[in-house]
Asks: 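The structure that follows is given in the form of structure tokens.
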Amino acid sequence: MLKIKDLYASVEGMEILKGINLEVKPGEVHAIMGPNGSGKSTLANVLAGKEDYEVTNGEVIFEGEDLLEKSPEERAKDGIFLSFQYPVEIPGVPMVNFLKTSVNEHRKHKGLKELTAGEFLKLMREKMDLVDMHTKLTNRMVNEGFSGGEKKKNEIFQMALLEPKLAILDETDSGLDIDALKTVANGVNALKSPERSTIVVTHYQRLLDYIVPDYVHILYQGKIVKTAGKELALQLEEKGYDWIKSENGN
Amino acid sequence: MEEQDKILNDVTQGEYKYGFVTDIETDIIDKGLNEDVIRLISAKKEEPEFMLNFRLEAYRKWLKMKMPNWAYLKIPPIDFQAISYYAAPKKGPKYESLDEVDPELIDTFNKLGIPLEEQKHLAGVAVDAVIDSVSVKTTFKETLAEKGIIFCSFSEAVKEHPDLVKKYLGQAVPVADNYFAALNSAVFSDGSFCYIPKGVRCPMELSTYFRINAANTGQFERTLIVADDDSYVSYLEGCTAPMRDENQLHAAVVEIITLDRAEVKYSTVQNWYPGDKNGKGGIYNFVTKRGVCRGISSKISWTQVETGSAITWKYPSCILMGDNSVGEFNSVAVTNNHQQADTGSKMIHIGRNTKSTIVSKGISAGKSENSYRGLVKVMPKATNSRNFSQCDSLLLNDTCGAHTFPYIEVGNKSSIVEHEATTSKIGEDQIFYCNQRGIDTETAIGMIVNGYAKEVLNKLPMEFAVEAQKLLQISLEGSVG
């Protein structure tokens, strides 16, 4: 599904990713862990196509096609979903309008008929239960006045609506209390399928108690320095990131 | 065939009936302005003496005035002697079919969802005399007549209702109010007149579009709206389709008078040719719009969506004379490329317990300059008055400018004036968030800008609001990214 080969990327002239290699197969859950500043969020944003990030070397193949050639919206419509670490507020734009536009852009891309307002509302109600989303939130403007937990829930709710092939969860656990964390994780798990892959980017192990990864990768100074099964996360929790740092000569 | 000929005939004659004098097709006055020209205009329009005197007084005062230079605008010199102040109305369709019209214009029409027949009308293509369009106008006139509402061209009003015109003309905008108003008063060609009698609620939105000949009121347009005691009217000016005009200078005057407990809602969508991407061409729009709430508890609200013109100089205002009267100004002004806008409002509180609200949303893109200029003046006797002003600016890039010039004068201690202002830049993060959800940048900007302007768009009549939304999006196409 996703193949990243020797990927280098920089932000404002500073090299952040220094040769990432990663392969994600359908249905797999990969966790990417690492200390602050190791390049986790950069990787997520490069995959989604954020402009500020410049790819200087390497390639990314998604579903057999060159991902880096495509605009952010094309990537999204091809099935890449980024759950934002800091979901953005858009004042004056109602959630419902935003979501309907988004869903219909995806449908157009797939050659499906656009949903009418009625059909969309029906779809929305179905998906809302998944993440325990309230109409009091969907009736508001995009992310406006949402608490941290509500914003994250809202991301997973959008993921449920858009049914991506590859979901990238960027620090979805940050700022969540344990109940919100469970709700969000339950949502992600409910959406699990043999075709859908997930990349969980996180600093802490605790999210991985709920979203169980097939692989854990440790990112350090722009490179994946360790890859193993879910037990690696527990090991990391126990020994702390200093373990990785000392192993890598710092 | 006979039926069709008859309709064609009616329509053609209609133009004469509601338009200018009959033999003007061959009539164009030489360029230049002097008293003789003004006498000639007045004579050609067969005006009564009070109109001629009005024009002459204005002209004499105009001669002693100077073009205002306080606005944040770069105005190229205008040669007032190089303008012909009396041109015959359109002699007929400019084009035989839509194929001859600029495809870019047609493209915009389609984006706005304007029906084909209407497109022809707007682009100056010969319109088939469809029975429907004729009967719509007729029904419209009949309905209004039943209620005693007068809605006609200004010229017609001067002939048919001279007493009303004489009584109210210049009441809100005196002849020598400002340079452009004085010029308009001296030479105005035509415009609209509207009178709502006592106790009548106008059952429909009055739109200049329905008035035959409205398409060619010229560059010096004059509108007068009078709402008598306990009456109500919602008036729509302009249209969302791009208006191209060979006249570069436009200096219109709109006057509104409301008597006791009357209410006038005046909505404008202005989309005149803004010039090309390099700032060449485009309309200079110098408008004086003012309403006087003469009666107690009367209300005037201005709502405007401005996306066109190369230069906009416009401050729709309210003079709140009657106790408890209310003034409102809601504006969205978009500037792109090299457009310049200096627009805002004046709220003059004279009566007691008067209230006013100003909501101004400026959106700047390209290399444009967008200024809000407003005056809130509370006179000493206007006790317990209130004003709330909110001026927001949204910038779409780093090359455009947004400016706010609020002036506040409060003459008593029991009144409260509040002013809030914000300036923000459209967020790359907001756009990327939309992109990541599969929404392209153009659509995202449209959504964000409409969200920003919603408070004002919501004040527009329904159909107008939908069109204005599309218009905002089109006006900003290609302005980011």
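Naming convention: chains lettered A, B, ... in sequence-line order (proteins, then strands); numbering from 1 in each chain. None of the values given here were measured: they were computed from a predicted structure. Heavy atoms only: backbone and side chains are in, while hydrogens, waters and symmetry mates are out.
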Asks: Between B:Y266 and B:Y235, what is the ring plane arrangement, given parallel below 30°, perpendicular above 60°, and tilted in between?
Replies: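 Taking B:Y235 first and then B:Y266, their aromatic rings lie parallel (interplane angle under 30°).
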
Asks: Between A:E89 and chain B, with a heavy-atom cut-off of 4.5 Å, which part of the residue counts as in contact: side chain, backbone, both or neither?
Replies: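 Backbone only.
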
Asks: Can you tell which part of A:L162 gets under 4.5 Å to a heavy atom of chain B, answering side chain, backbone, both or neither?
Replies: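 For A:L162, the contact with chain B is made by the side chain alone.
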
Asks: Using a cut-off of under 4.5 Å on heavy-atom pairs, state which of A:L82, A:I90, A:V93 scores highest against chain B.
Replies: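 Of A:L82, A:I90, A:V93, A:L82 has the most heavy-atom pairs under 4.5 Å with chain B.
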
Asks: Side chain from CB out, backbone as N, CA, C, O: work out which of these in A:Y86 comes under 4.5 Å of a heavy atom of chain B, or both, or neither.
Replies: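 The answer is neither part of A:Y86.
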
Asks: Where does A:V103 contact chain B at under 4.5 Å (heavy atoms): side chain, backbone, both or neither?
Replies: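 Neither part, no heavy atoms under 4.5 Å.
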
Asks: Please tell me whether B:E420 and B:Q390 have a donor and an acceptor in their side chains that are separated by less than 3.5 angstrom.
Replies: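 Distance-only check fails for B:E420 and B:Q390.
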
Asks: Where on A:L99 is there a heavy atom nearer than 4.5 Å to chain B: the side chain, the backbone, both, or neither?
Replies: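 Looking at A:L99, nothing touches chain B.
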
Asks: Go through the atoms of A:D78 and report whether side chain, backbone, both or neither lie under 4.5 Å from a heavy atom of chain B.
Replies: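 Neither part.
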
Asks: Measure across A:M95 and A:N154 and return the closest heavy-atom pair with its distance rounded to 0.1 Å.
Replies: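 In this case the closest contact between A:M95 and A:N154 is CE-OD1, 3.2 Å.
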
Asks: Only pairs of heavy atoms separated by less than 4.5 Å count here; which of B:K454, B:Q436, B:Q430 has the most with chain A?
Replies: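 Ranked by heavy-atom pairs under 4.5 Å with chain A, first place is B:Q436.
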
Asks: Heavy-atom distance under 4.5 Å to chain A: side chain of B:Y452, backbone, both or neither?
Replies: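 Backbone of B:Y452 only, per the 4.5 Å heavy-atom cut-off to chain A.
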
Asks: Quick check against the 3.5 Å criterion: does A:E105 have a side-chain atom that pairs as donor or acceptor with the backbone of A:S102?
Replies: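 Answer holds: no.
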
Asks: Hey, what do you get for CH2 (B:W272) to OG1 (B:T312), rounding to the nearest 0.5 Å?
Replies: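 OG1 of B:T312 is found 9.0 Å from CH2 of B:W272.
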
Asks: Between A:E114 and A:R107 (salt bridge meaning N to carboxylate O under 4.0 Å), is one present in this structure?
Replies: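 No, this pair does not count.
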
Asks: For A:K165 and A:P26, indicate whether the former's side chain and the latter's backbone hold a donor-acceptor pair under 3.5 Å.
Replies: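 Absent.
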
Asks: With a 4.5 angstrom heavy-atom cut-off, could you sort out which part of A:P164 is near chain B: side chain, backbone, both or neither?
Replies: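 Neither the backbone nor the side chain of A:P164 comes within 4.5 Å of chain B.
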
